Amino acid sequence: MNSFEKREEGFEKKFALDEEHKFKAFARRNKLLGLWVAEKLGITGDAASAYANEVVTADFEQPGDDDVLQKVMRDLTAKGVALTEQQVRTQMDMLLADAVAQVKAGT
């Protein structure tokens, strides 16, 4: 294997690792968001964990964050919790920063 092939392989491995970390960070963010929303909905314990898993699963419906946002907004509205989309998006941004730090730390 020549140096160009080694370098190319190195770039491919780094890209794959970066994509894996990105996926894990968004999944972690969605779980944290689910726990935050569960608290707002008055859901605790195992039910809160189950709800957080529903939020994580909602992210697989379509690309981007809209599917997650729509799910939690529907749930919040159904329970009469007065939060705006902007408030939820702000929370999502803050939780993503936390999730990225957690994934980098390996926790």
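Keep in mind that the numbers below use all heavy atoms, side chains included, and drop hydrogens, waters and symmetry copies. Computed from a prediction, not measured in an experiment: that's the story for all the values here.
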Per-pair distances, 0.1 Å, donor-acceptor, side chain in residues 91-102, under 3.5 Å, sequence neighbours excluded:
{"from": "Gln102", "atom 1": "OE1", "to": "Arg28", "atom 2": "NH1", "distance (Å)": "2.8"}

Cut-off 3.5 Å, no hydrogens considered: what does the side-chain donor-acceptor table look like for residues 49-56, sequence neighbours left out?
{"from": "Tyr51", "atom 1": "OH", "to": "Asp75", "atom 2": "OD2", "distance (Å)": "2.7"}
{"from": "Asn53", "atom 1": "OD1", "to": "Lys31", "atom 2": "NZ", "distance (Å)": "3.1"}
{"from": "Asn53", "atom 1": "ND2", "to": "Ser49", "atom 2": "O", "distance (Å)": "3.4"}
{"from": "Glu54", "atom 1": "OE1", "to": "Lys71", "atom 2": "NZ", "distance (Å)": "3.4"}

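Looking at Val103 and Glu20, their side chains never come closer than 4.5 Å, going by heavy atoms from C-beta outward. Contact check for Phe60 versus Asp67: no side-chain heavy atoms found under the 4.5 Å cut-off.
In this structure Glu85 satisfies the salt bridge (Lys or Arg N to Asp or Glu O under 4.0 Å) test with no other residue, sequence neighbours excluded. With sequence neighbours excluded, no residue forms a salt bridge (Lys or Arg N to Asp or Glu O under 4.0 Å) with Asp59.
Grouping the Ile, Leu, Val, Met, Phe, Trp and Tyr side chains by contacts below 4.5 angstrom, directly or via other members, places Leu32 apart from Phe23. Val37 and Phe26 are members of different hydrophobic clusters when ILVMFWY side chains are connected at heavy-atom separations under 4.5 Å.
Contacts classified as side-chain hydrogen bond (donor to acceptor under 3.5 Å, both in side chains) and involving residues 32-48 (residues at least two apart or in different chains) are not found.
In this structure, Leu35 stands alone, with no Ile, Leu, Val, Met, Phe, Trp or Tyr side-chain heavy atom under 4.5 Å from its own, directly or through other members.
Across every non-hydrogen atom of Val88 and Met73, the tightest pair is CG2-SD, 3.6 Å.
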